[in-house]
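What follows is a short report on a single structure.
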Amino acid sequence: MDLRFAAEDVAFRDEARTWLTANAPTERRPKLGRAVRDYDLAWQRKLYEAGWGNVAWPVEYGGRDLPLIQQLIWFEEYARTGMRPIDTRFVGLAHAGPTLMARASDEQKSFHLPKILKGEVVWCQGFSEPEAGSDLASLRTKAVVDGDQLVVTGQKIWTSFADHSDYQELLVRTNNDVPKHKGITWVICDMKSPGIDIRPIRTIEGGADFNEVFYDEVRIPLANVVGDIDNGWSVAMSTLAFERGTAFTISQVQLAASVEELIELARSRRSINGRPVIDDDSLAKRLARARADCAALRSLTYLGISKNANSDQPGPEGSMMKLHYADLAKRVYRLGIEILGTRSLAIPVDEDDTEWIDKHLIAYSTSIGGGTSEIQRNIIGERVLGLPR
Amino acid sequence: MDLRFAAEDVAFRDEARTWLTANAPTERRPKLGRAVRDYDLAWQRKLYEAGWGNVAWPVEYGGRDLPLIQQLIWFEEYARTGMRPIDTRFVGLAHAGPTLMARASDEQKSFHLPKILKGEVVWCQGFSEPEAGSDLASLRTKAVVDGDQLVVTGQKIWTSFADHSDYQELLVRTNNDVPKHKGITWVICDMKSPGIDIRPIRTIEGGADFNEVFYDEVRIPLANVVGDIDNGWSVAMSTLAFERGTAFTISQVQLAASVEELIELARSRRSINGRPVIDDDSLAKRLARARADCAALRSLTYLGISKNANSDQPGPEGSMMKLHYADLAKRVYRLGIEILGTRSLAIPVDEDDTEWIDKHLIAYSTSIGGGTSEIQRNIIGERVLGLPR
Amino acid sequence: MDLLPTPEQVEIIDSSATFLADQISIARTRELFESGELPAVGAAAWSAAAELGWFALGLPEDRNGIGCGLADEVLLFREIGRRLAPGPFLSTVLAARVASFGGHQGLSDEIAGGRRVGLVIPGSLDAIGPDGSIVGEVQLVDADPDGLVLTVTPTIAALVAVSSLSDVTEVPCVDPTTRLHRAVGTGVGPVSSVASEVDPVELRGHVLAAALLTGIVEWSRDTGSEHAINRVQFDKPIGVNQAIKHPCADMAVQAQLAYSQSLFGALSVDEGRADAEFQALTAHATAAAAAEFATGATLQIMGGMGFTHEHDVHLYVKRMELLSHTFGMPGLWLDRLLELPEPV
Amino acid sequence: MDLLPTPEQVEIIDSSATFLADQISIARTRELFESGELPAVGAAAWSAAAELGWFALGLPEDRNGIGCGLADEVLLFREIGRRLAPGPFLSTVLAARVASFGGHQGLSDEIAGGRRVGLVIPGSLDAIGPDGSIVGEVQLVDADPDGLVLTVTPTIAALVAVSSLSDVTEVPCVDPTTRLHRAVGTGVGPVSSVASEVDPVELRGHVLAAALLTGIVEWSRDTGSEHAINRVQFDKPIGVNQAIKHPCADMAVQAQLAYSQSLFGALSVDEGRADAEFQALTAHATAAAAAEFATGATLQIMGGMGFTHEHDVHLYVKRMELLSHTFGMPGLWLDRLLELPEPV
């Protein structure tokens, strides 16, 4: 056992930090419109050109195939830049890309993977539907084979950055006569196809990253099917092991940084009764607890990485980290509101305060998106502890 | 709407308080042995002779049939004496007695009810079994009709004061060939019958009020069946409406009194760091919250009493009060431990500190006994909100 | 002792619910705030509410009021909270009292007749002077720039002219239905004021804020439960899952606690009980905690929908934040609660 | 960076588990404390543990120790905690260090060879003087009246003779497996002491207490889950209910957090990291919170059985209380945590 990183890992951390310090964008990421895509892709091209396109991807696809521990280091250093953990590049780099690597044909891979890594395209995900949330496999968007094409009709929801995307990893129902997991197909959808209608979803904090996507007889070449027709569920599940939890490090490091900022904020601000906020033991103890919980989450991550470095299958730490993170993030950003006190009622008073309000509102989603906390608890109870379904 | 009590209610409160102040036992209730029964029954005789045997019982059975609001007042005043909410008199007065009133024959009633009210006998309950906890109707203790007797074999558990009891309200399975709720019989068991073996259960705080009761071919006259053979489930359920939540007032008033004592304790004790405990805002705020929660629980009780006074069926406030009480009692007595700090490690240092440790340990049972908090939430979800089973 | 509404009180509940559904629906509120009209309540609806006597409901008849109790106002405000009606109902009702008890019956009549009065949220406790004037940084909720705002402390309540303040700047409020300004007090004396011994305006405010929050808890309970019954996943309504059912049950308990304590607080004030301050603060603290829990629970039960601008739950979340910062903050009330004598 | 146990460490885990099951089973512990023998660990078992080198495991080889790290001790103590072994393992292990680093190698050898040393729980922080002597009211955990006890503060650790104390009185401990005395210090100088710059005894103590608590969390998780799988009500194992399943899942998370942070704390001390104090305090705070939650959750899952003396869960509850009051209390550690610099 050892917390120390090997000499080559320390050197790697220096290299990553040096490069990121010199090259991370200094201007704020735009919030709306085409500028978002342009900003993200410019950043990806810069990363790619310096050899940082995706440190976890195999070398044959242009990545660096770094060992898990160096991936962890990369993401820890990346987190320090303050860049968002998830932007328009995310689905391509961390989900669709790895799925293609695992299951796509050589033609599909050689066409798509370089575009993703070089920052030429944006991908989005088309999995969830209004009636298929936690129960994803009950999806209904229908695809009928017509000649050498699939004709897709239906609706997806919660598609991040659909309006900025070139391609979509799309799950459709191609067979209604078999159990629900067996009639699903995974297909690459060109987002410029006729018949696609994208409607943004405004969210609680005013953002519009999510979209509904409607498909009216959208024609997709059969050549875009990855894996086989009706075998899409297994394709969709094949990316779970990718990165094995390292990318999540960004959110985690940034949450810990937020706690430190909140401690500072509580020291600098006065409460309504005129005392420094930090003098309220009840808030102070909750801040201390949050600090401890962030540290414990990091140790849990390190334990998970240690296990996964010796295993092909990711351990249960993934669900555990997500569950703990969601609970913790909600507690941390609630603290932000309480530290601001009555100032939290005014949104744009100054940029910093606004950020805490936004983060508090966004935190409501941490226990919903990407598998609800209730589902995570089921997974841990059933798969880790062997409890009955 | 009115919080004020009517003139006759105020007069009644004065009467109750005056009598209780003059007559409540001053010596401590013994903890073990026959002395417990003697103490309780002597107290019941005293109550009976002064007309306070049971204020909720109908006049025809020796009670005063007081309206619900005066029952509430009685229990509020009773609580001030510091007497336990539940002692060996409880099952007879508040459960078996009312069941007999509702469902027993005239002979059964005229034999048993006066004995209960006059403090001549102790009753216990024989419902739960090792394999029938939350799922009470799955009970297995078997009773076979043999001539004019039932022959009972099996085991009960969690029978409070079994070793002090004369009679038991006993649920037995008389029919295995029907759905589980339909083959149960409610019968009066003489606890001195041959074949009964009582084994005390020691509990977490060292008490031994609970027992296991084993039945080895115990013979009970068929004349002791209340209601009909196989109809015992409906008999067991018929007492639910009795008192409609007023008796619970004792626990609640005493919990609120505990909070006041803990506030005093926190003011008088010093924390390990030398500061008065109350100076720790985090403990102080939790004490304040507990104070507020006790007040809200009282208002909920008053609302429930107001509703029930106008209805034969008790409202859902019963499950709500029990659920909130359990959560609150655990929080309150945990605070006791935290106020004592490292002194909570030594049990008998002084009598007062020991009391807080005992109360803390006993509080673990509040969310288990009498229907777990999980079951209460199911009841509220399904019966109040109409959620699916 | 009786906490059941009388037939007259049931009538208040029913008629206010009907009026709100007709005149101040959430759909209408959304239209107004999306088009930039704040507070998002139309002038016509406001006047109609005044005509119904909402702003004089609890004023004594000899002060041109309807002479109902604070408990009646609780029943009205619970409906206002449940239906998310925007606008300065709370401060306007209290302001009519301040003007009347402060000796300005004409102003009171004007306010009761439909003149809106905003609420001052002080940045620090010493931003309100002993006479109720504003002497520091404040925020103004739903203030009209040429109108009055209400200051409230435990000892005094007062009406101050917005025109007497400096640096009045409109800023977006976290609750998008609400108008918010920042301003700095100049110490100009109030237009009218009343000491808490004469009329316990602060306690009435806590109780009415508790009533508004109670309505929010009840809406959350009903909305979450309805979704749990209707939403099907894995071939069953999601309400079969205890992870959904049990928070719904907890919301039911919290709603009932918030409601009963709001009534208890109101009646304590109405009847001049010795523990009225304790009961009123407890009502606000109880309802605020219940509303924070219930809005969060319902948002979670709604899943992704709960996180959208389209669903109403975020509006209730944001209103809850506003009402939890009205007349101080929960931590402040808890500090006071602990200092008060044991409730009677 | 690697938090997986090496084969040698797996051997420590396995052999200690086997030894504990054989020699210090809970059944045996119950026999002992029911018959009044406290601490409820037999002399033979204690000597056998000493022979296995448990009390010298983390001592450097040049101090007659085995030369393992604090992380190895964590793995041992986790097993001790999981199996509820009674006796002053924690204070004896630390005492061997204090004696050795304090310049009393002979005493260290004696302690490592099986001489029990109890732990001092001060009634107030100023009950321990700057030199480690006892100057106020204290409680003694598992002290022998003719033996030594360990005092620990953030700056010093010391061994004090019980015979030098006044008013030594045995009192029942909330943990029935543990012997407890009250005593008053007389300021007599310690037999041996070591400053925290020389050896961070307090931090080691926090980490090992965290390891013991981690074992309790893991036992709770496993016991609660097993019951949820086997106990049938309403014709199904109770574990199908999310009200049972989800607390089990939360226990699994808490157990993993407590375990990983105990290791992180241990390695931080072993490697002399700048944030060792932060990581060690965090380990104790994390494990104490996890153990309070997990023992309570399992007691609830067990239902009535969990409330009995017969089932072991109450013994874990009470041990948890003891370990949560060792080296201070969670509130105290949180106060310190906040004052420390940001972790590296």
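All of these numbers come straight from a predicted model, not from anything done at the bench. Within every chain, numbering begins at 1; the chains are lettered A, B, ... in the order of the sequence lines, protein sequences first and strands thereafter.
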Do the non-hydrogen side-chain atoms of [X] and [Y] ever get within less than 4.5 Å of each other?
{"X": "D/Gln300", "Y": "B/Thr372", "result": "yes"}
{"X": "B/Glu338", "Y": "D/Met329", "result": "no"}
{"X": "D/Arg182", "Y": "B/Arg343", "result": "yes"}
{"X": "D/Val313", "Y": "B/Tyr364", "result": "no"}
{"X": "B/Ile201", "Y": "D/Glu310", "result": "no"}

**Asked** Of all residues at least two apart in sequence or in a different chain, which pass the salt bridge (charged side-chain N to carboxylate O under 4.0 Å, His left out) check with D/Lys245?
**Response**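 Counting only residues at least two positions away or on another chain, D/Lys245 forms a salt bridge (charged side-chain N to carboxylate O under 4.0 Å, His left out) with A/Glu382.
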**Item:** Qualifying residues under salt bridge (charged side-chain N to carboxylate O under 4.0 Å, His left out), relative to B/Arg270, sequence neighbours excluded
**Value:**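 Checked B/Arg270 against salt bridge (charged side-chain N to carboxylate O under 4.0 Å, His left out); zero matches.
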Answer yes or no: are there more than 12 heavy-atom neighbours, outside [X] itself, under 6.0 Å from its atom [atom1]?
{"X": "B/Lys142", "atom1": "NZ", "answer": "no"}
{"X": "B/Lys359", "atom1": "NZ", "answer": "yes"}
{"X": "B/Arg275", "atom1": "CZ", "answer": "yes"}
{"X": "B/Glu212", "atom1": "CD", "answer": "yes"}

**Prompt:** If you check every heavy atom in residues 288-299 of chain D against those of chain B, which residues fall under 4.5 Å?
**Reply:**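 Heavy-atom contacts from residues 288-299 of chain D to chain B are D/Glu292, D/Gly296, D/Leu299.
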**Message:** Please rank D/Asp235, D/Leu125, D/Asp126 by heavy-atom pairs under 4.5 Å with chain B and give me the top one.
**Reply:**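 Option with the greatest count: D/Leu125.
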**Residue among D/Gly304, D/Ala243, D/Gly328 with most heavy-atom pairs under 4.5 Å to chain B** =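 Option with the greatest count: D/Gly304.
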**Message:** Heavy-atom cut-off 4.5 Å, strictly under: side chain, backbone, both or neither for B/Leu136 against chain D?
**Reply:**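 When you check distances to chain D, no heavy atom of B/Leu136 falls under 4.5 Å.
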**Message:** With a strict 4.5 Å heavy-atom criterion, list every residue of residues 326-335 of chain B that contacts chain D, or say none.
**Reply:**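 Interface residues of residues 326-335 of chain B: B/Lys330, B/Arg334.
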Of the listed residues ([options]), which shares the most heavy-atom pairs with chain D below a 4.5 Å separation?
{"options": "B/Ser373, B/Ser138, B/Ser344", "answer": "B/Ser344"}
{"options": "B/Leu345, B/Asn378, B/Ile357, B/Ile368", "answer": "B/Leu345"}
{"options": "B/Ser367, B/Ala132, B/Ser128, B/Gly369", "answer": "B/Ser367"}

When rounded to the nearest 0.5 angstrom, what distance separates [atom1] in [X] from [atom2] in [Y]?
{"X": "B/Leu361", "Y": "D/Lys318", "atom1": "CG", "atom2": "NZ", "answer": "5.5 Å"}
{"X": "D/Thr308", "Y": "B/Arg202", "atom1": "OG1", "atom2": "CZ", "answer": "10.5 Å"}
{"X": "B/Asn273", "Y": "D/Ser124", "atom1": "CG", "atom2": "OG", "answer": "9.5 Å"}
{"X": "D/Phe307", "Y": "B/Ile204", "atom1": "CZ", "atom2": "CD1", "answer": "6.5 Å"}
{"X": "B/Phe210", "Y": "D/His309", "atom1": "CZ", "atom2": "NE2", "answer": "15.5 Å"}
{"X": "D/Ile238", "Y": "B/Ser134", "atom1": "CD1", "atom2": "OG", "answer": "8.0 Å"}

**Asked** At a heavy-atom separation under 4.5 Å, does D/Leu180 approach chain B through its side chain, its backbone, both, or neither?
**Response**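 The side chain, not the backbone.
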**chain B contact via D/Val317 - side chain, backbone, both or neither, heavy atoms under 4.5 Å** =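 The side chain, not the backbone.
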**Distance-minimising heavy-atom pair for B/Ala346 and D/Gln139** =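 Looking at all heavy atoms of both residues, the shortest contact is CB-OE1, 3.4 Å.
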**Asked** Could you walk me through whether D/His314 and B/Glu205 pass the side chain to side chain contact (heavy atoms under 4.5 Å, CB included) check?
**Response** CA-CA 9 Å; D/His314 77 102; B/Glu205 88 293 7; over 6 Å; no
**Asked** Is the side chain of B/Asp135 donor-acceptor paired with the backbone N or O of D/Gln233 at a distance under 3.5 Å, no angle test?
**Response**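 No; zero donor-acceptor contacts below 3.5 Å.
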**Message:** Let's go through B/Ile272 and D/Leu332 carefully: what are the C-alpha distance in whole Å and the side-chain angles of both, what is the deciding distance for side chain to side chain contact (heavy atoms under 4.5 Å, CB included) to 0.1 Å, and is it a yes or a no?
**Reply:** CA-CA 9 Å; B/Ile272 190 168; D/Leu332 206 63; 3.9 Å; yes
